[in-house]
Amino acid sequence: MRWSYSPEDGPKCTMEPFVCKKKDKKTAHSPVQGTKHKIKEMADRRSSMGSSSDDPPNSRLFIIGPKTLTEEDFRRTFQEFGHIEEIWVVKDRNTGENKGVTYIKYSKTSAAAKALETMNGKIIGGGGGRSIKVMIAASREQGSKRDLNEEEKIQRLFVVVPKSMTDSELYDYFKQFGDIDYASIIKDKNTRESKGFAYVKYIKFSHAATAFEQCDRKYKPVFAEPRKSNVSRNDDRSFSSTSFDTNMSKNALPGPPEQFSNDGYNKLVVIASPSVNQDQLWKLFDIIPGMEYCQLHYDGDRVRPTRAIAEVVYANPQWASYAKEKLHGFEYPPGYRLIVRAEYDNMRSPFGSKSSNTEKQKPDILQIAQTIAQASNLMQAAGLSPDLLQQKLGLLPAGKESTNYCNVKLPDPQPFANIDEETAARCFIVCTPSALPNSVLKDIFCRFGNLIDVYMLNNRNCGYAKYASKASADDAIKTLHGAEICGNRIKVMEAEERPDSSRKRQRIDVESPF
DNA sequence: CGACGGGACGC
DNA sequence: CGACGGGACGC
């Protein structure tokens, strides 16, 4: 079963008028100016494929019905759902006999959707009392063969989302268009970071169609291709504690390790619920870059261990410190907080010899047994809801802000801007020697409030942070410019305006003074 | 000095 | 049961 966000709070619809950029389909008209009357051209809009093409997608219906039905029968009953480009009642080429098959091409997908949902199975005048069957027409290339999971094709959208967007934010935005089955952001299997794409599946085709047409164009919606495997047998195969991903892309790591400083540590000791296994802990700590090693053993009885203890080693002290800050106290599994402390390989704790074993309460057996029982269910949820984790990673309690992965004092984490707010200001970011992962960028740049999105350009050490408030962007620049984060120096400046194609060609004076 | 992203779902 | 024609760029 795929994880999907389920809502817990009431509806908060913020319907914003969005800037409607024109679709850049291949049917684009040449920008001829001077046409005063472009009234009826919309009705005539035809690409070279004619109106039988599937543009926009899923806007053509395929109808099976009584052979007695005429084009007018269909027009009468189908025109109320939206503008019809063409009705074609298929007739035998030779005999001229009605074959009982009709295509209706709408201008809009949503019209086809409403027509389908309303008219499928209905009896219409002239049909002699027998009902019609209404489907979405397959493409001409595809012919008459139909997919097994056809509904996925018309209920599910594939969208581009900001890297900072979470599943719940995605859900909250897209629920304004209708009832959502699930809203799910695609994430890197190892790092759990958003890949910047998502699936949104609706209960009804018409709701998917509305979202497809009316959502902010920045989401670049398309109807998703159905998944390849039609048989989705969902065994919950238990995690194997020995199956590690050996192909983890360490090349995505930010930069070479800093010079190891003697008063740092790069090893952590983690105490966790005995229901945690090594694979799970590995994946959790591998969210923070630079993890090199994670070895877990159990304390106490082999059959009924009292706790799990792990050593986790990072490539450099900065990441180890970051991991400690972010994961100490984190509930994993829910109901059981991780204890993460530094292990000084070479003696010398900056805090002195603070053997604080006393305050780390050893939970009693009974408590643990209960925890295990609950955790077995919750664990999977925790493992499958990385966004929750990501949120927590960015939003740990303000009390623990020693932030020794960062050399400047940072404000507390702030909530992100609403996803549909306009960008008011952008920062240009340069990281040297190398880029920071997105989870860190989010954590750092959200602290000035009103952050819309932050990302690095592909395979480069520079990127942008978008804010919904100029003041927030200015604050970020003031605080972060020149700071060192996890061993990387960052520069944060006001971004220059993007070379915008919509802008009128700038006339640059190239005239030579000579 | 560096400058404008990104497209497919664990099996 | 039930899957693909006809038209072909102006007042």
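Quick note on labels: first sequence line is chain A, next is B, and so on, each numbered from 1. Note: hydrogens, waters and symmetry copies are ignored here, and every other heavy atom, side chains too, is used.
Here the side chain of Glu225(A) is nearest to one of dG7(B), dG2(B), dC9(B), namely dC9(B). Checking dA3(B), dG2(B), dC4(C) against every side-chain atom of Val430(A), the shortest atom distance belongs to dG2(B). Closest to the side chain of Arg227(A), out of dG2(C), dC9(B), dG2(B), is dC9(B). You'll find that the side chain of Tyr103(A) is closest to dA3(C), out of dG2(B), dA3(C), dG5(C). Comparing dA3(B), dA3(C), dC9(B) by their closest approach to the side chain of Ala138(A) singles out dA3(C). In this structure, of dG7(B), dC1(C), dG10(B), it is dC1(C) that holds the atom nearest to the side chain of Lys133(A). Counting only heavy atoms from C-beta on, Arg498(A) has its side chain closest to dC4(B) among dG6(B), dC4(B), dG2(C). Closest approach to the Tyr455(A) side chain among dC1(C), dG5(B), dG6(C) is made by dG5(B) (side chain taken as heavy atoms from C-beta onward). In this structure, of dA8(B), dG7(B), dA3(C), it is dG7(B) that holds the atom nearest to the side chain of Phe197(A). Considering only side-chain atoms of Ala224(A), the nucleotide from dA3(C), dA8(B), dG2(B) that sits closest is dA8(B).
Ring centers of Tyr103(A) and Phe62(A): under 6.0 Å apart, within the cut-off. Taking the six-membered ring for Trp and the full ring otherwise, the centers of Phe174(A) and Tyr219(A) sit less than 6.0 Å from each other.
Between dG2(C) and Lys67(A), a contact under 4.0 Å exists linking OP1 or OP2 to a side-chain N or O. Arg130(A) has no side-chain polar atom (N or O) that falls below the 4.0 Å cut-off from OP1 or OP2 of dC1(C). A sub-4.0 Å separation between OP1 or OP2 of dG5(C) and a side-chain N or O of Arg93(A) is present.
The nearest whole Å value for the distance from the CG atom in Asp453(A) to the C1' atom in dG5(B) is 9 Å. Rounded to an integer number of Å, the gap from CE of Met135(A) to C1' of dA3(C) is 9 Å. Computed from coordinates, the Lys195(A) NZ to dC9(B) P distance equals 6 Å when rounded to whole Å. Rounding to whole angstrom units, CG of residue Asn461(A) and P of dC4(B) are separated by 12 Å. Following rounding to the nearest Å, Leu441(A) (CG) and dG5(B) (C1') show an atom-to-atom distance of 14 Å. Going from atom CD1 of Ile477(A) over to atom P of dG2(B) covers 19 Å, rounded to whole Å. The nearest whole Å value for the distance from the CG atom in Asp188(A) to the P atom in dG10(B) is 11 Å. dC9(B) atom C1' lies 18 Å from atom CD of Glu193(A), rounded to whole Å.
Base engagement by Lys220(A) is indicated by at least one non-hydrogen atom pair under 4.0 Å involving a base atom. Among the heavy atoms of the strands lying under 4.0 Å from Lys163(A) is at least one base atom, whether or not backbone atoms are also near. Residue Pro162(A) is in base contact, counting any heavy-atom pair closer than 4.0 Å across all strands shown. Using a 4.0 Å heavy-atom cutoff across all strands shown, Ser194(A) reaches no nucleic acid atom at all.
With Ser59(A) as the fixed residue, the side-chain hydrogen bond (donor to acceptor under 3.5 Å, both in side chains) test singles out one of Lys108(A), Lys105(A), Glu85(A): Lys105(A).
Residues satisfying the salt bridge (charged side-chain N to carboxylate O under 4.0 Å, His left out) test with Lys470(A), not counting sequence neighbours, are Asp474(A).
Evaluation of atom-type donor-acceptor distances gives no pair under 3.5 Å for the side chain of Arg460(A) against the base of dG5(B). Interface remark: the Glu86(A) side chain does form a donor-acceptor pair with the dG6(C) base, using a distance-only criterion of under 3.5 Å.
With centroids closer than 5.5 Å and planes inclined by less than 30 degrees as the test, Tyr199(A) and the base of dA8(B) fail to qualify as a stacked pair. For the pair Phe62(A) and dG2(C), the ring geometry does not qualify as stacking, because the centroid separation below 5.5 Å and plane angle under 30° are not jointly satisfied.
Between Phe330(A) and Tyr332(A), the two ring planes are parallel [angle under 30°; tilted spans 30° to 60°].
dC9(B) shows a glycosidic angle more than 90° from 0 and is accordingly assigned anti.
Remark on DNA chain B: of its neighbouring residues Tyr219(A) and Tyr464(A), the 5'-side contact belongs to Tyr464(A), judged by nearest-heavy-atom nucleotide.
Applying the ring-ring contact (aromatic ring centres under 6.0 Å, His included) test to pairs two or more places apart or on separate chains, those with a residue in residues 439-496 of chain A are Phe428(A)-Tyr464(A).
Side chains of Ser472(A) and Asp475(A): a donor-acceptor N/O pair is absent below 3.5 angstrom, by distance only.
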